[in-house]
Structure formats: structure tokens, C-alpha cells
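Order of appearance sets the numbers: ligands from 1, and atoms from 1 within every ligand. Start at 1 with the first residue, then count along the sequence. Only heavy atoms go into these numbers, but all of them, side chains included; no hydrogens, no water, no symmetry mates.
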Amino acid sequence: MRVLLVEDSAADARLVLEMTREDPASSVELVHATRLTDALRRLSFETFDAALLDLSLPDARGLEVVKRVQETATDLPIVVFSGQQDEAQALESVRSGAQDYLLKGRTDAMLLTRALRYAIERKRAELQIQHLAYHDGLTGLPNRRLFFDRLHQGLARTRRQKNLLALLFLDLDNFKVINDSLGHLAGDQLLQEVASRLSSHLRDSDTVARLGGDEFAIIMPEMANVEDVIRVATKVQWALEPPLYLYGQSHHLTASIGISLYPNDGGTPEALLRCADAAMFQAKRRGRHVYHLYSAALGHESSDRLSLCNGLRRALDADQFLLHYQPRVDARTGRILGVEALLRWRHPTCGLLPPSRFVPLAEEMGLIVPIGQWVLNTACTQAELWNRSAAGCHLRMSVNLSGREFGNKNLGKTVETTLKSTGFPPSRLELELPERGLMGDEQRTASSLRELSSLGVRLSVDDFGIGQSSLRLLKQLPIDALKIDQSFVRDVATDPYNTAIVRGIIGIAHGMGATAVAEGVETPEQAAGLMGQDCDELQGFYFGMPQPAQALTALLEEAAD
Ligand code: C2E
Ligand code: MG
Ligand code: MG
């Protein structure tokens, strides 16, 4: 037993030394300090099994001695060794953390060693209870209570250092399946494995906690920048990746991770946890096994999203959609050959919304098919009106289809009935398919396109060059036009790399007997550059903005004069 004796009186110290020698079985090794500062210094460099403290020292008195020793050595058993028979002080000492209180002059060798031994046992039991109260029984990780304590401390430290604190909220993606199919024992084993993998991949200053079920949290105080946070999040994902063997079967663990940051996302533990939780849900929605950073925008975006979702359900019935039409011109003559119908939503409170704000949402909600039918019908009705006028009798109408609509097996029927009911000639309707929408099942893509083509409508590939369509597949499809993506057109006149791509796409289009169309043409330089490359048709703000039908009618009439 290595015991630190803190005692300024030489006579009392000698007495204690004699007592420990008296009982050869006690095997106490005494280290003597005469001042509190001396004791504290030793405590921070050496380890002791217990401390024996006098409460009247030259540099500290009373309970302060107990407190200061505890602050330096939290887990150290303490026995007070006082000259005063003061019951109140004895009680206070024990309350403030000492394990026993001995009176000088009333203590013999046996009592001393026994008090020291009991103090050590008592402290051990105390620590164990404390551990149980603050840790998760299954994994041994800090529990929710300790997690909040540590988060408080971490925030205070980070605030002082003026750097970042990151909170990672992890939810296992496939825990329920394993738990349900292999039983709780396997589930427990899995959670223990996750706990140990997470702990071994983090710094000492980080805290991994189990918040409940299959939810874990990691506190990372004093981070320098967001890049470092992301690096750790990736490391955590890697740590979970190696297969885990349960009952001779290998399982793959993945987790969805939500990340919130102090000071960006909140200043309190509760706010940060709420943000990290919301970000985790976002990660799950984006396909699991991903991490997602909560940004101030997310809270805004998600409430925004919610109200858009609700509004979108009613928009069709409330007649809130409308189409704008953008001219497409012949690159050689500048004549308007056709228009592209572009969808807009007149939102009751947000105003006119572009498709990027709601088309992806409509796809997710399964609303794109009825909306698409409305677009097709409205566009063909308008086109037939122009068809019957002198100025617009030659016009083609282009309608955009999303990947979802393209996958719908009733598409052919819908197009056929719409053409019949509106009377618009099939040969003048062009359906624009996003390049992304052509990927996937090649056979099905080919047969859908052939079905559409057999109706006599034209087909074009939209935003060509940014997807990954296979040229082999493209060659077999009945494509009438390739629309070069705006990103290549933007600096076609100045960036030799983009010039080469544009030239290449035009070559591919012509090679397959299709028309090359450039979109997003904004300047005369771009138009000239494209004409120089033998591009057939052009579309963009330079030739006309997307605009309501009446405005376009006026433009057509002007052009006819
Ligand atoms: P897109 O089919 O590639 O349409 C061209 C987009 O570029 C339009 O954006 C148009 O307003 C914009 N644009 C045209 N000329 C210029 C220009 O010179 N400079 C620039 N910077 N932009 C130009 P919009 O109307 O916001 O539509 C975005 C996308 O939404 C469309 O891209 C299309 O993929 C989709 N979309 C539009 N209408 C519909 C629809 O009825 N159904 C479906 N499924 N998707 C639609
Ligand atoms: Mg388009
Ligand atoms: Mg496009």
C-alpha cells in the first residue's frame, strides 16, 4: 500500500511512521509531504493507493485540503488524520469525499491500517456505482447522461479555444434485420463490436457514447476545420466496413451519420443533438451508409420542403401550373423552328417557381406522372392552336420527360391519346429524355423508345454529355436529336477543351443521323462558335427567353412580317 502522508508536524509524522512499522503485516509504504502544494505536485506525477491528510497545513486548512486533493486525484481514497475532535468536521469531510476520519492520539497501528484498507475498498465500490450510473451496461461506453456531461465540457473547452466542436450521430442501417433474424444475443454482440471499433478509431479527447438502441454519438471537441471532421466521419465508416462474423456468417455493417457543428448549428448540447439527429435522417433518406452535415440551411430546407410537399399535392387541382415556351432556332437562318415547353409553378406564397425547385420532389412523391400528363396535354393543345395560325403553322413542340415518366409503361398510350384528342400532328412533337433516364435496363429503354418512335413522334436526348450513356446503346436507339448540355456551351468560344467536346458531340449526332442542338446560348460569340462547328439548331436566352404563350405568339407574328 503506497500512502501519501500530508502532515506538517514532524512529531505526528514520526508517530504515523512508527505505527506503520509496528504492524509488519500492514506493508504500508509512506511518502511524506509537509505542505499541500508539495502533495499536489506529487499526486500529479506519482500514483498512490491512498492519502492520509492532516487538515491544518501551512498553506491550506480544513475541508479545502480534501477538496484540492480530490481535484488533482479524483479516484484517490482519502483518510483524514486530524487533531481536532470535531464531529461536524468529520461528517463534512466524509460528505465532501473522504472515506474515513481518524483522530490523532486516539489511533493505533491496527486502526490506522484498517482505516486505510477500508477506505480503498469503499472508494472502489463508490467508483463502480458511479461507473454503472454513467455507462452503458452492454458496451461499457458512456451513456446518455455522461454524454451530455462531456458535451457540456467539450463546448466550454471549444468556446475557450475558439475552434469547432463536431457531434456525430450514428444509426446502424441494418441492425433491426440482424436482431430480428439472429436474435438478441447476436444483436448484443454486434453492438459490442461496433462500440469497440468506434472507440479504437478516435482520439483520446473524443467521446463515443451509446445513446440507446443502435444509436451512437461521437463528440469531437477542438477540431480545426470542417475538412478534418469529414475525414473522421469517413474513417468511422471505414472502421465499420470489415465484415463481422456472427454464428459463422459474415455481415456487413453500415451506419448513417448525421453531423452538427458548434458554433455553426447551435450553442447548447440539446440544439446540437437535435441538428445531428435531423442530419442523420437526411443521410438515411439519401440512401444510407452516408454522412450528412447539418447546415443552417437544412432546417430551413426541410420545413420549406414540407410546405412544398403539401402544396404540390394540391397544385394540379388548384390550376397552379403553367408552361413557358422557349424558341429553338435554325443555326443557319435564325428562323424559329420550334419551342420547348418549360414547366412553372405559380406558388400561392413563394411566387413563380422553376422546375428545379419542385420537379425532383414531384418525382419522389410519385406526382410527376399526372403532372407530366398535364404538361403534355397543355403543350399539345397550345401547339395545335399555333399550328392553325399563319405565323406558327410549321412549329415543333418539345416536351421534357423525367426518368420516372419514361419508366412508366403507360407512357406510349398517354402520348397516343393526347395527340388524338388535341389533333396535333405526331411528327411535330418531340419528347426530350434526360441522358440519365436512358441508363439502366438497356432492353427496356430500347423497346420503350421504339414504341414512342412508332407513334411518329421525334425523340431527343437532353443535357447530353453529362450523363454516362453508352455510345453502343445510343447507336441502336431511334434518336432524332442530341441536345448538348449548357455547361459545354457556356465557354465554347474560349475553352479549347469544351470546344473539342462540343465538336465531338456534334460529330456523334451527325454520325447517327441526328440533329445537333445547343442549349443555353447567351451571347453572339457562343452562337458564332457553334455555327462554326456545324451545330444545326440553337436555343438560349440570346434567341429568346422562356415566355408565356401570348408573348411567343407576338414574337412569331413579328418574325412572320
Ligand atoms: P432543360 O430541358 O435542359 O431546359 C433548359 C433549361 O435551361 C430551362 O430551365 C431554361 O429556362 C434554361 N435556359 C434556357 N436558355 C438558357 C440560357 O441561355 N442560359 C441559361 N443559363 N439557362 C437557359 P428551366 O425552365 O428552369 O428548366 C430546368 C429543367 O427542368 C429542364 O432542363 C428540364 O430538365 C426540367 N423541366 C422543365 N420542364 C419540365 C417538365 O414539364 N417536365 C419535366 N419532367 N421536367 C421539366
Ligand atoms: Mg429540355
Ligand atoms: Mg437541357
Review point. Within the structure, does Pro546 bring an N/O atom to less than 3.5 angstrom of an N/O atom in ligand 1?
Key: no
Review point. Would one find an N, O or S atom of Asp462, in either backbone or side chain, under 2.8 Å from the Mg ion (ligand 2)?
Key: yes
Practice item. With heavy atoms only and a cut-off of under 4.0 Å, state how Asn400 meets ligand 1: side chain, backbone, both or neither. Key: both
**Study point:** Atoms in ligand 1 flagged as close to Glu405, the criterion being non-hydrogen separation under 4.0 Å
**Key:** 44 (N)
Exercise for review: Could you tell me whether the side chains of Ser460 and Glu430 share a donor-acceptor contact shorter than 3.5 Å?
Suggested key: yes
Review point. Side chains of Glu363 and Ser402: do they bring a donor and an acceptor to under 3.5 Å?
Key: yes
Revision key, fill the gap. Note: Ala481 and Arg328 closest approach over all heavy atoms is CB-NH2, 4.4 Å
Review point. Distance only, no hydrogens: is a donor on one side chain within 3.5 Å (strictly under) of an acceptor on the other, for Arg274 and Tyr294?
Key: no
**Study point:** Contacting atoms of ligand 1, where contact means under 4.0 angstrom from a heavy atom of Asp463
**Key:** 3 (O)
Check your understanding: Does the side chain of Asn377 pick up a donor-acceptor pair with the side chain of Thr418 at under 3.5 Å?
Key -> no
Exercise for review: Ignoring angles and geometry beyond distance, decide whether Gln539 reaches within less than 3.5 Å of ligand 1 through its nitrogen or oxygen atoms.
Suggested key: no
**Study point:** ligand 1 contact on Leu343 by region, counting heavy-atom pairs under 4.0 Å
**Key:** both
**Study point:** Distance-only side-chain donor-acceptor flag, Thr254 / Asp173, under 3.5 Å
**Key:** yes
Point to revise | Numbered atoms and elements of ligand 1 in range of Ser402, under 4.0 angstrom, heavy atoms | key: 44 (N)
Check your understanding: Quick one: which ligand 1 atoms are inside 4.0 Å of a heavy atom on Gly540?
Key -> 15 (N), 18 (O)
Check your understanding: Does ligand 1 have an atom under 4.0 Å from some heavy atom of Gly372?
Key -> no
Check your understanding: Taking non-hydrogen atoms only, is Gln486 closer than 4.0 angstrom to ligand 1 via side chain, backbone, both or neither?
Key -> side chain
Review point. Backbone or side chain, does any N or O of Val359 fall under 3.5 Å from an N or O of ligand 1?
Key: no
Point to revise | Test applied, salt bridge (charged side-chain N to carboxylate O under 4.0 Å, His left out); reference residue, Glu537; option that passes from Arg332, Lys483, Arg396, Arg335 | key: Arg396
Check your understanding: Taking only heavy atoms of Val521, which atoms of ligand 1 are found under 4.0 Å from at least one of them?
Key -> 18 (O)
Point to revise | Name, closest N/O/S atom of Glu432 to the Mg ion (ligand 2) | key: OE1
Review point. Which ligand 1 atoms are under 4.0 Å away from a heavy-atom of Glu522?
Key: 17 (C), 18 (O), 19 (N), 20 (C), 21 (N)
Point to revise | Nitrogen or oxygen atoms of Glu340 and ligand 1 under 3.5 Å apart | key: yes
Point to revise | Close approach of Arg344 to ligand 1, heavy atoms, under 4.0 angstrom | key: yes
Point to revise | Region of Met545 that comes within reach of ligand 1 [heavy atoms, distance under 4.0 Å] | key: neither
Check your understanding: Is the shortest distance from a Lys or Arg side-chain nitrogen in Arg314 or Asp317 to a carboxylate oxygen in the other one below 4.0 Å?
Key -> no
**Study point:** With Phe358 via ring pair (Phe, Tyr, Trp, His ring centres under 6.0 Å) - residues at least two apart
**Key:** Phe321, Trp345
Practice item. Taking the side chain as every heavy atom from C-beta outward, state whether Asp228 and Val232 have any atom pair closer than 4.5 Å. Key: no
Practice item. Check ligand 1 against Glu432 and write out every atom of the ligand that is under 4.0 Å from a heavy-atom position of the residue. Key: 2 (O)
Point to revise | Residues Glu405 and Asn408: side-chain donor-acceptor under 3.5 angstrom | key: no
**Study point:** Smallest separation among heavy atoms of Cys393 and Arg428, with atom names
**Key:** O-NH2, 2.6 Å
Review point. Is the shortest distance from a heavy atom of Arg490 to ligand 1 less than 4.0 Å?
Key: no
Exercise for review: List the steps, then state whether ring-ring contact (aromatic ring centres under 6.0 Å, His included) holds for Phe424 with Trp386.
Suggested key: CA-CA 10 Å; Phe424 188 57; Trp386 279 322; 9.6 Å; no
Revision key, fill the gap. At under 4.0 Å between heavy atoms, what of Gln326 touches ligand 1? The answer is side chain
Review point. When you draw lines from the Mg ion (ligand 2) to OE2 of Glu340 and to OD1 of Asn400, what angle lies between them, to the nearest 10°?
Key: 90°
Point to revise | N/O separation below 3.5 Å, Ser356 to ligand 1 | key: no
